[in-house]
Amino acid sequence: MERFALEDLSQWLKSKNRKPMVLRGARQVGKTWIVRHLAETHNLQLVEINLERNPNYADLFTDNDPLNVIENIEAELSIKVTPNKTLLFLDEIQIAPQLFSTLRWFQEELPQLAVITAGSLIEFALNKLDYSMPVGRITFYYLEQLSFLEFIKASGHDALFKKLVSSKVNTPLPDSLHQKCLRLLHDYCLIGGMPEVVNQWIETKEFDSCLKIQQDLLATYRDDFHKYGGNIDATLLSRVILSISEQLGNKFVYSRINPSLKIGQVKKALEQLCNARVCTKVFHTSANNLPLGAETNEKFFKMILLDIGLVASQLALSRLRPSELHDLIIGNKGSIAEQFIGQQLRTIAKPLMDSQLFYWQRTGGRLGEVDYIFQSGTRIIPVEVKSGTSGNMKSLHQFMADKKLDLAVRFYSGKLKLDTINLKTTLGQSVSYKLLSIPHYLVEQMPKYLDQLI
């Protein structure tokens, strides 16, 4: 299975100013696998220390001299460590968060040794630290689940993958390939991008066996909170996760989870799930200027789950016949499409940053909403998500007129094309702008298309 992140990690490995890396991401997105694959690809000795399996190994790092630490590791594991030919991997570092402070000594005194740490619930550990992180001496990398294009490649469609990544705005796919991509997209909506589930699908093509793994993953996320996240009722966590799937595409309302619960309880559970990267908050922005996060309204936000396959599991979509699933994706007001687009937008954000998602909603008076607001360089790009090939875009037209923007993106089930929109809004304002319409399966190519147009 090929992961696009491997190229980024390889560049980090070759960097002259390499710093110890903290690999972040939800449980089971493939962090351990990709570190092992990185070492194998570059013919490095992998020294892997799993602190959840061997918590006592944290004592090997109590010395601030990294050479002494290496001697401790050699003595404990009965190995020989050659720094410039070794990758030191500290897995599940949230078990011993005090080790974060020791990373600075590797960067300062033993830079020739490549060091990666990882953990599924690092955010909990960071929030509990009573000392400062070695700012400027470590780097972060965020790993997501498999994107749709990674799914295409992992499924053995190499030629189709090459066709998709070489696509251009003025050259839409032939009808047969377009339909093939839509069928694969429907599969992805059920399978999602969690590596274990994708592997199961590739081996068996059985939805039921994939569903079992998805349900086990959701149970694992709930169990994690009892170890690292504090005392939160498992039933509440389950209800919050389910409610995220049920409220996709809409402003998130706490009371819909359980009207009898205090808002504070629900907020805490949702925050913990966000910290564990089980879900992502889509922030409201006024979208007047950059940065988009400077003009948010905390009362307005939407939620998406980590992975569309987990949404499918929650909503029992795999029980539907193919025609029923197609109708649901096309006809449920775009909420499944919004989940898909949102998680793909996370994958194309800069992985060295904790990517944030934004949307716009009118907060008073008339109704109006733009599904996502995307930053491309110094430009604000509104993104409309349609599940089918049509649908009104009154809010987008008015948004473009109000913000005086000249380029917008629509994701839909039609073909790639560029149109010029000239019309009057429902308020009678004249508006003219370019609309780039992109099929859902090409969302990861959006930055390339925007570069072609800007």
Side-chain angles (χ1 to χ4, degrees), residues 24 26 123 126-127 140 142 144 240-241 243-257 263-306 334-335 337-385 393 395-405 407-409 411 443 446-447 450:
R24 302 166 81 167
E123 281 72 14
L126 295 180
N127 290 338
F140 293 97
Y142 294 84
E144 301 285 350
V240 172
I241 294 173
S243 188
I244 291 170
S245 296
E246 293 172 338
Q247 295 193 54
L248 285 174
N250 299 303
K251 174 190 171 185
F252 193 81
V253 179
Y254 292 115
S255 60
R256 291 183 184 174
I257 297 173
I263 295 297
Q265 290 177 277
V266 180
K267 278 186 176 181
K268 182 178 179 182
L270 188 65
E271 288 171 3
Q272 297 285 55
L273 289 168
C274 287
N275 282 338
R277 303 183 73 81
V278 174
C279 58
T280 299
K281 184 178 289 189
V282 184
F283 297 92
H284 173 277
T285 178
S286 297
N288 292 315
N289 297 289
L290 297 176
L292 295 171
E295 298 179 302
T296 59
N297 185 331
E298 294 183 359
K299 295 181 180 179
F300 288 77
F301 64 91
K302 298 191 290 187
M303 297 296 304
I304 63 171
L305 212 57
L306 164 69
S335 61
E338 276 196 48
Q339 165 69 39
F340 173 78
I341 296 300
Q343 72 179 66
Q344 302 306 307
L345 289 178
R346 282 202 316 254
T347 69
I348 63 178
K350 293 181 179 179
L352 299 180
M353 300 171 60
D354 190 1
S355 57
Q356 292 184 327
L357 298 177
F358 297 93
Y359 83 111
W360 174 84
Q361 180 179 353
R362 189 172 283 114
T363 56
R366 305 184 318 277
L367 297 177
E369 180 179 317
V370 175
D371 299 310
Y372 290 103
I373 305 295
F374 186 79
Q375 180 180 344
S376 178
T378 58
R379 294 174 66 113
I380 294 174
I381 307 293
V383 174
E384 187 82 357
V385 179
M393 295 186 290
S395 293
L396 178 63
H397 299 326
Q398 191 61 55
F399 180 89
M400 298 301 286
D402 292 344
K403 306 298 181 181
K404 296 179 172 56
L405 301 176
L407 178 62
V409 168
F411 290 111
V443 57
M446 180 179 69
L450 292 177

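This structure is a prediction, so every number in the text was calculated from the model and none was measured.
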Aromatic ring pairing Y359/H284, orientation class (parallel under 30°, perpendicular over 60°, tilted between): perpendicular

Heavy-atom closest pair, residues F301 and Y254: CZ-OH, 3.4 Å

Heavy-atom closest pair, residues G342 and I304: C-CD1, 3.7 Å

Within residues 373-384 or reaching into it, pairs that qualify as side chain to side chain donor-acceptor pair (under 3.5 Å) - sequence neighbours excluded: R379-D406, E384-K386

Under 3.5 Å: donor-acceptor pair, side chain of R346, backbone of Q356: no

Donor-acceptor contact present, side-chain R362 to main-chain L367, <3.5 Å: yes

Counterpart residues, ring-ring contact (aromatic ring centres under 6.0 Å, His included), relative to Y372 (two or more places apart): none

Short N-O contact, E338 and K302, less than 4.0 angstrom: yes

Counting only pairs under 3.5 Å, give me each side-chain donor-acceptor contact of residues 286-294, with atom names and distances, residues two or more places apart or in other chains.
residue: N288; atom: OD1; partner: K403; partner atom: NZ; Å: 2.7
residue: N288; atom: ND2; partner: E295; partner atom: OE2; Å: 3.4

Worked verdict on R256 versus Q247 for side chain to side chain contact (heavy atoms under 4.5 Å, CB included): CA-CA 9 Å; R256 291 183 184 174; Q247 295 193 54; 3.6 Å; yes

L305 vs I241 side-chain heavy atoms within contact, under 4.5 Å: yes

Single hit among L396, I341, V443, L450 for side chain to side chain contact (heavy atoms under 4.5 Å, CB included) with V409: L450

Check against salt bridge (Lys or Arg N to Asp or Glu O under 4.0 Å), K251 and E369: CA-CA 10 Å; K251 174 190 171 185; E369 180 179 317; over 6 Å; no

Rounded distance (nearest 0.5 Å) linking atom CG of L273 with atom NZ of K268: 12.5 Å

Derivation and outcome, side-chain hydrogen bond (donor to acceptor under 3.5 Å, both in side chains), residues Q398 and D402: CA-CA 6 Å; Q398 191 61 55; D402 292 344; 3.0 Å; yes

